Chemist: 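Got a structure for you, questions after.
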Amino acid sequence: MLKVIEAWGVDHMYGYPGGSFNSTMNALDIEKERMRYIQIRHEQVGALAAAADAKLTGKIGVTFGSAGPGATNLLTGLYDAREDHAPVLALIGQVPHTNMNYNYFQEFDENPMFADVAAYARLVMTPESLPYIVDKAIREAYKHRGVAVVVIPNDFGYVQIPDELYSSVSPTDQKDRPLPQPTDLEVDAVLEMVKAAKRPVFHVGRGIRDNGAKLVELSKKLQIPITVTGQAKGLIPDDYEGNLGMLNRASSKAADEIFAVSDLVIAIGADFPFANAIYRTHPFKFVQVDVDEAQFGRHHYLDKGVWSDAGDFVDKMLVRSTDAEPSSFFQAAVADMQNWQAYLDHLLDRETSPLEFEQIYREINKIANDDAIYSIDVGDNIINSFRYLKLTPKNKWVISALFASMGSGVPGALAAQLSFPDRQVFHIAGDGAFSMVMQDLITEKKYDLPIINIITSNASLNFIKSEQDDIPMNHSGIFIEDQDFAMIARGMGVEAVTVRASSDLPAAFAKALEVTQAGRPFLIDAKITDKRGIPVEELELKQQDGTWVETVNPSYNANRALTHISSVQEFFAEYDGGELKSLPEIFAEHNVPTDK
Ligand SMILES: CC(=O)OP(=O)(O)O
């Protein structure tokens, strides 16, 4: 079985031993020169790390757990893999087959539990079939870009079977999966819709893969601004003027505003989890380009569906289109983004004591190598990283995007550093998320993984606090005890500092560089305030008497006893955004026609 897994190019797997997995532990010891066993301290971390391996490399990640709790602990990570379409193989221990179905210690019928999360889940019935079943499981995980589970009765791992390498080579292994192609007719129809539109916008997902440069060319050629889903962050260079960034809560002001006034949205390879809330409330025409024919119509009713690979669609659009006239709408979108970027830069440039979160990003951007990898845990750090991390297609980053599992940051960083040992790895997590997996800081130490861990610690589940503010309701259950994470790290043998003011950051990051360049992990416990970043999703744009009017969502005021916000200018000022301009102002400056 291990030789089959090795033949698929896997060189490490994550897990924690248990009695029912000892035969495979024995095999791992025999194979230790070729297969590195990474001893994590909780199976959830192993499963999340395997998922992160797959997200970062495109290759299958492998994890294991023993029978009973070892198996159930894997589930969160396996769901994370399924939701983010990451191929993962989970090996599950089972009691010896002679004890199965007797309610033996730690025994339970494991397959039903995995039936939902796994595209393929099998109990091995004979020792001889084990290599084949594992090979088949890997094929199924790749085919479905999901989870495959193989349950192995412990005694089978001690049986001698013929010592012949199970052949993993098949005609499909070296080929890319054929992808659906757009037709000339489909592309011409989309180009007609673009011509008829006044305010077209691209919404692009990770389906664009490495075709970001081509999309930039198309955006310039057709004068269409680009908005992206979270997972496409970095695939289009952040410094392209027409890249407005993300929609919704994690968004830039420009992306939310421009999307809100669009009359044609062309979604390309975009699996947008908030579509039902965000898309459906806007009355635009909608083109969806997707490789998955089952996704059409999920986001919005379709004016045009194009079953196609994203890159091939962009290629054909480039070939069959002519240059559009310079567009005042496009220029206004660019100006809106520049105004937003200037606001972010202004916040980055301040010095703060007590520390606020922006200055941490300023320091990261300063010391990060241009091919650094980021593992970002769930919470405010996702919004802040999307807004403040400067990324290019050379960088890599990993999050628990759709399952949004708190505690994915440490496992993501382990995966990043193990899969890319020569690259700089940052791990950014809130205190709530980190404390769910912090035992595995010791795994960074055990394997000398030089990860820069940054814990943004404010004794608050701040992402949820903002949600409670917006509902509105009293704060409930969101304040957590402050902890001395630097001391905890030192207790695990990881060097660490605590930072309380922005003036402490340069020295802390210099120390982080010194320690990690010497091959050891480092932790910065950054005690930040519970300040909220500007919630631009509270802005609303409406057509009124032939012009655009921008207001703040009335429910924004509901939880405020004293400071009622009555205008967008007051709203901007509340977040130190005195220089921010409303979209109607920017439209006026660029003479954007206001008619529908
Ligand atoms: C989930 C959550 O609220 O995390 P954070 O405090 O890091 O925003």
Side-chain angles (χ1 to χ4, degrees), residues 5 8-16 36-65 70-92 113-114 116-121 137-150 205-206 229-231 233 271 273 373-379 381-382 396-420 425 427-429 433-434 436-437 440 443-444 449 451:
I5 297 172
W8 280 93
V10 176
D11 62 8
H12 64 271
M13 63 169 77
Y14 308 88
Y16 218 25
R36 194 170 181 203
Y37 158 53
I38 303 297
Q39 181 199 59
I40 43 67
R41 302 297 283 267
H42 192 294
E43 291 86 349
Q44 178 173 322
V45 170
L48 284 165
D53 269 337
K55 292 180 205 180
L56 287 164
T57 66
K59 290 198 321 203
I60 193 155
V62 184
T63 188
F64 65 80
T72 56
N73 280 347
L74 291 170
L75 270 180
T76 298
L78 299 184
Y79 272 101
D80 173 72
R82 184 187 82 167
E83 293 303 291
D84 285 352
H85 305 300
V88 164
L89 170 67
L91 306 174
I92 312 294
M113 186 182 78
F114 290 112
D116 182 57
V117 72
Y120 177 86
I138 293 171
R139 290 178 194 284
E140 294 281 355
Y142 273 122
K143 179 178 168 192
H144 296 285
R145 294 191 302 137
V147 175
V149 170
V150 178
R206 66 174 173 158
T229 68
Q231 298 209 76
K233 165 87 176 167
D271 182 5
I373 307 178
Y374 301 90
S375 173
I376 303 154
D377 214 317
V378 170
N381 282 309
I382 298 225
K396 284 181 181 285
W397 58 279
V398 64
I399 60 170
S400 174
L402 294 186
F403 205 49
S405 173
M406 286 172 72
S408 58
V410 170
L414 295 174
Q417 199 73 81
L418 287 162
S419 289
F420 299 93
V425 174
H427 158 223
I428 310 169
F434 180 61
M436 290 172 82
V437 288
D440 268 278
T443 309
E444 296 181 14
L449 302 175
I451 294 161

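Every value quoted in this text rests on a predicted model; they were computed, and no experiment measured them. In what follows, residues are counted from 1 in the order of the sequence shown.
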Chemist: Between Arg206 and Asp271, is there a side-chain heavy-atom distance shorter than 4.5 Å?
Modeler: no

Chemist: If only atom types and distance count, is the side chain of Lys396 paired as donor or acceptor with the main-chain N or O of Ile373 below 3.5 Å?
Modeler: no

Chemist: List the steps, then state whether side chain to side chain contact (heavy atoms under 4.5 Å, CB included) holds for His12 with Val62.
Modeler: CA-CA 7 Å; His12 64 271; Val62 184; over 6 Å; no

Chemist: His144 side chain to Gly146 main-chain N or O, any donor-acceptor pair under 3.5 Å?
Modeler: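 Checked: no pair found.
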
Chemist: On a heavy-atom basis, which atom in Pro87 and which in Gly58 lie closest, and how many Å separate them?
Modeler: CG-O, 4.3 Å

Chemist: On a heavy-atom basis, which atom in His427 and which in Ala413 lie closest, and how many Å separate them?
Modeler: CB-CB, 3.7 Å

Chemist: Would a distance-only check, ignoring hydrogens and angles, find a side-chain to backbone donor-acceptor pair under 3.5 Å from Tyr142 to Ile60?
Modeler: yes

Chemist: So, do Leu89 and Ile5 sit near enough that their side-chain heavy atoms are less than 4.5 Å apart?
Modeler: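 Leu89 vs Ile5: side chains touch.
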
Chemist: Do the side chains of His42 and Val437 get nearer than 4.5 Å, heavy atoms only?
Modeler: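 Heavy-atom side-chain distance check fails, nothing below 4.5 Å.
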
Chemist: Could you give the distance from CD (Glu83) to NE2 (His85), rounded to the nearest 0.5 Å?
Modeler: 7.5 Å

Chemist: With no hydrogens and no angle check, do the side chains of Tyr16 and Asn73 hold a donor and an acceptor under 3.5 Å apart?
Modeler: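 Distance-only check fails for Tyr16 and Asn73.
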
Chemist: Please check: side-chain N/O of Asp377 versus main-chain N/O of Gly407, any donor-acceptor pairing under 3.5 Å?
Modeler: yes

Chemist: Do Tyr120 and Val149 have side chains that get closer than 4.5 Å, going by heavy atoms?
Modeler: no

Chemist: When you measure from the side chain of Trp397 to the backbone N and O of Leu56, does any donor-acceptor pair fall under 3.5 Å?
Modeler: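 Here the side-chain-to-backbone pair does not exist.
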
Chemist: If you define the side chain from C-beta out and look only at heavy atoms, does anything of Ile451 sit under 4.5 Å from Gln417?
Modeler: yes

Chemist: Just by modelled atom types, is the Ala416 backbone N or O under 3.5 Å from a matching donor or acceptor in the Ser419 side chain?
Modeler: no

Chemist: If I compare all heavy atoms of Ala429 with all of Asn381, which pair ends up nearest, and what's the gap?
Modeler: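 In this case the closest contact between Ala429 and Asn381 is C-ND2, 3.2 Å.
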
Chemist: Evaluate the ring planes of Phe403 and Tyr79, with Trp represented by its six-membered ring, and classify them as parallel (under 30°), tilted (30 to 60°) or perpendicular (over 60°).
Modeler: parallel

Chemist: When rounded to the nearest 0.5 angstrom, what distance separates OH in Tyr14 from CG in Leu418?
Modeler: 4.5 Å

Chemist: Using modelled atom types and a 3.5 Å cut-off, is there a donor and acceptor pairing between side-chain atoms of Asp440 and backbone atoms of Ile40?
Modeler: no

Chemist: Between Arg82 (side chain) and Asp116 (backbone), is there a donor-acceptor pair under 3.5 Å?
Modeler: yes

Chemist: Compute whether any side-chain donor of one residue and acceptor of the other, for Ser400 and Asp80, lie under 3.5 angstrom apart.
Modeler: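 Side chains of Ser400 and Asp80: pair found under 3.5 Å.
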
Chemist: Quick one, Arg139 and Trp8 - any side-chain contact, counting heavy atoms below 4.5 Å?
Modeler: yes

Chemist: Please assess Asp53 against Lys59 for the test side chain to side chain contact (heavy atoms under 4.5 Å, CB included), listing each intermediate value before the final yes or no.
Modeler: CA-CA 7 Å; Asp53 269 337; Lys59 290 198 321 203; over 6 Å; no

Chemist: Nearest 0.5 Å, please: how far is CG in Leu402 from OG1 in Thr229?
Modeler: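 Answer for the OG1-CG pair, Thr229 versus Leu402, is 9.0 Å.
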
Chemist: Just so I know, are the side chains of Phe420 and Thr57 near enough to count as touching, which here means a heavy-atom distance under 4.5 Å?
Modeler: yes

Chemist: Compare all side-chain heavy atoms of Thr443 with those of Val45 and state whether any distance is below 4.5 angstrom.
Modeler: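 No - every pair of side-chain heavy atoms lies 4.5 Å or more apart.
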
Chemist: Which heavy atom of Val88 sits nearest to which heavy atom of Ala81, and what is that distance?
Modeler: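 Of all heavy-atom pairs spanning Val88 and Ala81, the closest is CG2-CB, 3.7 Å.
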
Chemist: If only atom types and distance count, is the side chain of Tyr37 paired as donor or acceptor with the main-chain N or O of Gly15 below 3.5 Å?
Modeler: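 Side chain of Tyr37 to backbone of Gly15: a pair is present.
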
Chemist: Backbone N or O of Gln44 within a donor-acceptor pair of the Thr76 side chain at under 3.5 Å?
Modeler: no

Chemist: Identify the heavy atoms of Ala148 and Ala137 that sit nearest to each other, and give their distance.
Modeler: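 Between these two residues, the closest heavy atoms are CB-O, 3.2 Å.
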
Chemist: Mind checking the CD1-NZ spacing from Ile382 to Lys233? Nearest 0.5 Å is all I need.
Modeler: 12.0 Å

Chemist: Between Met13 and Thr63, is the side chain to side chain contact (heavy atoms under 4.5 Å, CB included) condition met? List the steps.
Modeler: CA-CA 5 Å; Met13 63 169 77; Thr63 188; over 6 Å; no

Chemist: Which atom names give the shortest non-hydrogen contact between Gly77 and Ala51, and what distance separates them?
Modeler: O-CB, 4.1 Å

Chemist: Go through the steps to decide whether Ser405 and Leu48 satisfy the test side chain to side chain contact (heavy atoms under 4.5 Å, CB included), and finish with yes or no.
Modeler: CA-CA 9 Å; Ser405 173; Leu48 284 165; 4.3 Å; yes

Chemist: Going by an N to O cut-off under 4.0 Å, is there a salt bridge joining Asp84 and Lys55?
Modeler: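 A salt bridge links Asp84 with Lys55.
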
